[in-house]
There are 2 protein chains.
Amino acid sequence: MRDRKSGYGGCPEGEGCPVEFTLDVIGGKWKGVLLYHLIDGTKRFNEFRKICPSITQRMLTLQLRELEEDGVIHREVYQQVPPKVEYSLTEFGRTLEPIILQMKQWGETYKKKARSLIFNGPGQSS
Amino acid sequence: MRDRKSGYGGCPEGEGCPVEFTLDVIGGKWKGVLLYHLIDGTKRFNEFRKICPSITQRMLTLQLRELEEDGVIHREVYQQVPPKVEYSLTEFGRTLEPIILQMKQWGETYKKKARSLIFNGPGQSS
DNA sequence: CCGCATCCGTTTTGATACTG
DNA sequence: CAGTATCAAAACGGATGCGG
């Protein structure tokens with residue numbers, strides 16, 4: 001996933017699945033979620049932990065690093081006695097907003113439906 | 001990822017990040033790509049392998065199984081002497097098309113830009 | 001206290017070979 | 001053709017410890 005820059009695996013070179021490229025940026029285990037929460041404003045490290053308690057510090061650090069590496073988020077370090085690091089979307093990162101928001105909308109719409117589908121079945125009436 | 005049905009990790013229950021839900025469906029390592037290629041028609045197992053050579057049979061099987069389990073694709077098995085299995089989007093799966101297509105469009109738009117950013121740097125005038 | 005790196009056990013992914 | 005089995009590698013989760 002990190003070696004994206006050294007050739008895409010999925011499709012013949014020169015082509016390269018656009019979807020693969022996009023998923024490499026937002027498809028990481030938590031990246032989409034982190035980006036989603038960055039849409040409505042700057043966040044600190046521990047804020048993410050509060051919002052998404054099941055992310056480990058380790059993964060949070062790694063995912064944020066990768067997002068930073070990809071140029072979609074900015075990492076502002078305040079050299080203070082109580083350390084403070086703020087993460088925000090870059091210009092480039094904002095171009096992902098439509099996708100993230102659409103994913104949010106789809107999730108909202110189909111989470112309930114999916115549950116009823118999964119648990120009750122689509123055409124499972126008697 | 002598979003135990004999605006038994007509680008979301010990211011957010012407090014009752015809430016549940018919609019984005020997380022969506023990414024659970026399309027965010028798997030190859031799921032988005034597979035779905036993307038299913039948009040323009042039914043595909044057979046080996047067709048996927050040709051389109052995305054770097055997917056191993058193992059992962060292809062696993063990812064397709066999960067997509068099937070999530071109800072977004074349909075697996076049609078033809079009981080023939082040369083086995084034949086066709087994968088296609090379900091009704092539910094088609095609801096993901098807008099997202100996939102938007103990811104495709106974003107990828108197309110920014111793949112080149114990202115490359116120039118990554119390889120040449122933002123302010124590196126030729 | 002906040003952010004992050006390291007060690008270790010568990011889970012996921014990859015590579016290869018084999019089967020109906 | 002469409003998978004399955006097996007083993008090795010990498011990613012991930014949890015706990016701990018360090019620097020500021």
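Atoms considered below: every heavy atom in the structure, side chains included; atoms not considered: hydrogens, waters and symmetry mates.
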Residues that [X] engages under side-chain contact (heavy atoms from CB on, under 4.5 Å), provided they are two or more places apart:
X: L89(A); value: L35(A), L38(A), I39(A), I73(A), R94(A), E97(A)
X: E108(A); value: K104(A), P18(B)
X: R49(B); value: F45(B), N46(B), Q57(B), L60(B)
X: L62(B); value: R58(B), M59(B)

*So, T22(A) side chain and G107(B) main chain: donor-acceptor pair closer than 3.5 Å or not?*
yes
(message) Determine whether a donor-acceptor pair (N or O, by modelled atom type, separation under 3.5 Å) exists between the side chain of T90(B) and the backbone of V72(B).
(response) yes
Notebook entry, point to check: Does Y87(B) place a side-chain N or O at less than 4.0 Å from the phosphate oxygens OP1/OP2 of dC1(D)?
Noted result: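 No, outside the criterion.
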Using a cut-off of less than 4.0 Å, is there contact between a side-chain N or O of K29(B) and OP1 or OP2 of dA11(D)? no
Using atom [atom1] of [X] as one end and atom [atom2] of [N] as the other, report the distance to the nearest whole Å.
X: E47(A); N: dG3(C); atom1: CD; atom2: P; answer: 9 Å
X: Q80(A); N: dC2(C); atom1: CD; atom2: P; answer: 12 Å
X: E66(B); N: dT11(C); atom1: CD; atom2: P; answer: 16 Å
X: Q79(B); N: dA2(D); atom1: CD; atom2: C1'; answer: 11 Å
X: W30(A); N: dA11(D); atom1: CH2; atom2: C1'; answer: 15 Å
X: L60(B); N: dA2(D); atom1: CG; atom2: P; answer: 10 Å
X: E76(A); N: dG3(C); atom1: CD; atom2: C1'; answer: 15 Å
X: Q63(B); N: dG3(D); atom1: CD; atom2: P; answer: 14 Å

### Close side-chain approach of V85(B) to R44(B), heavy-atom, < 4.5 Å
no
If each of V77(A) and T56(B) is mapped to the nucleotide of DNA chain C with the nearest heavy atom, which maps nearer the 5' terminus, i.e. the 5' end?
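So the residue in question is V77(A).
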- Query: Got a minute to check which stems DNA chain C is part of, using Watson-Crick or G-U wobble pairs under 3.5 Å, three or more consecutive?
  - Reply: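 C:1-20 with D:1-20 - these are the stems of 3 or more pairs that involve DNA chain C.
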Contact nearer the 5' end of DNA chain D, comparing M59(A) with V81(A):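 First, find each residue's nearest nucleotide; the 5'-ward one identifies M59(A).
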N/O-N/O pairs, protein side and nucleotides 4-8 of chain D side, under 3.5 Å:
residue, atom, partner, partner atom, Å
dT4(D), OP1, R65(B), NH2, 3.2
dT4(D), OP2, R65(B), NH2, 3.4

Between F21(A) and W106(B), is the ring centroid distance below 6.0 Å?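 Ring-ring flag for F21(A)/W106(B): true, centres closer than 6.0 Å.
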Worksheet item: Any Lys/Arg nitrogen of E86(B) or K43(B) sitting under 4.0 Å from an Asp/Glu carboxylate oxygen of the other?
Response: no
Point to revise | V85(B) side-chain proximity, nearest of dT13(C), dA2(D), dC1(C) | key: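 The closest nucleotide is dA2(D).
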